[in-house]
Structures are given as structure tokens and as C-alpha cells.
Amino acid sequence: MRKAVYPGTFDPITLGHVDVIAQVAPLFDELVVAVLHNPSKRPWFDLDERLDMIREAVLPYPHVRVDAFSGLLVDYCRSSGILCVVRGVRNHVDLQNEMAMAQMNRALCEDLVTLFVPTSPEWSFVSSSLVKDVAMHGGDVSRFVTPRVADALAERTGGLAKRHV
Ligand code: PNS
């Protein structure tokens, strides 16, 4: 069975993340979207909220499962029988950071392969951080996230973020 993990913070999931999932899901029998549980990062959305938002976003993809992990990604992969890590790459800055992570993960677990997936151009500037910043200042984020996430952002920002209509 070909399994891969798409790990991340997903605070919150964006349409850029969904684009990566859509590109990769057909290549594997199972793709696990794995959310890092790391309260010290002080996410906007708690783990359960992030998991729920992702579950809703990946409904069209039957082979995609959503899970949480804490600790090292390589340990999660070992215990789940996963040999492939998927990471989206938007630009050369991402590539530089992702190279270091991929090589560190490979040094920790030599069987682990990282697959870099270029995001589609329309999402190359979209990140969870920027989406939160736009929402916090009352901007319209509905083009960058699912309706469910837009609603959650509107709720979190006291209605400042525009809801999807
Ligand atoms: O969405 P993000 O924040 O870019 O995801 C980063 C993530 C969660 C994939 C990375 O920080 C991670 O794997 N953390 C788990 C701890 C770990 O394994 N650290 C060593 C990685 S080189």
C-alpha cells in the first residue's frame, strides 16, 4: 500500500494546502494529512478545530485521512509505516527551508523520502499567516480558504474578516 503523509501546522488550512492535497492524493493509496499538536506555537485554532476544518476540506478526496501528531515527524512516520513526506513549495524561500527539513528528516530516518510539490501559481503567495493577518484587519479572505475556514476566521476576529457569501 502506497502511503504518504502531508504534515503541517494548518493554522488554518488554506486553499493552497488543498491544492497540494488535490495534486498528490491520486498518487497514493492513502494520504494522511497530519496536524502537528504543539501548543507552545500558540495557534489561533486549537487542534480539534484544525482537524475539523481539514476533514471538511478533504471530503472530496476519499483516500485522504486526517490525523494529529506530536513529537518528531520521523517517529510518527515510523509508527505509521509511512516512507514518504509531502511538502508544498511556493517559492525559493520555501525550497531552501524545506531542503533543510527534508535532509534533517532523512538523516534521522534514512528510509524517508520527501516529495516537494510546487503549488499552483494562484496560491504561490497564500499562507496561513497572511490569511490570518488579512482577517485580523478586516480583509476578505474568502478567495483563499474554504467557507468553513472563512466563517471560523470571522468568528475569531469578532466579525472583522469577511464571511464567504
Ligand atoms: O505547516 P508548517 O508549520 O510549515 O509545518 C512544519 C512541520 C509541522 C511539518 C515541522 O515543523 C515538523 O515536522 N515538526 C515536527 C517536529 C520535527 O520532526 N522536527 C524536525 C523536522 S526537521
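In listed order, ligands and their atoms are each counted from 1. Bear in mind that the values here come from a model prediction, so they are computed numbers and not experimental data.
Residue pairs that meet the ring-ring contact (aromatic ring centres under 6.0 Å, His included) test with at least one member in residues 51-110, sequence neighbours left out, are Phe69-Tyr76. For residues 27-57, no pair satisfies ring-ring contact (aromatic ring centres under 6.0 Å, His included), with sequence neighbours left out. For the salt bridge (Lys or Arg N to Asp or Glu O under 4.0 Å) condition, the pairs that include at least one residue of residues 8-28, sequence neighbours left out, are Asp11-Lys132.
Glu56 has no carboxylate O lying under 4.0 Å from a charged side-chain N of Arg148, or vice versa, which leaves the two without a salt bridge.
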Tabulate distances under 3.5 Å between N/O atoms of ligand 1 and N/O atoms of the protein, writing both atom names on each line.
residue	atom	partner	partner atom	Å
ligand 1	1 (O)	Thr9	N	2.9
ligand 1	3 (O)	Thr9	OG1	2.6
ligand 1	3 (O)	Lys41	NZ	3.3
ligand 1	4 (O)	Arg87	NH2	2.8
ligand 1	5 (O)	Arg87	NH1	3.4
ligand 1	18 (O)	Leu73	N	2.8

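In this structure, the side chains of Cys77 and Leu73 come closer than 4.5 Å at one or more pairs of heavy atoms.
The heavy-atom pair separating Leu130 from Phe125 by the smallest distance is CD1-O, 3.4 Å.
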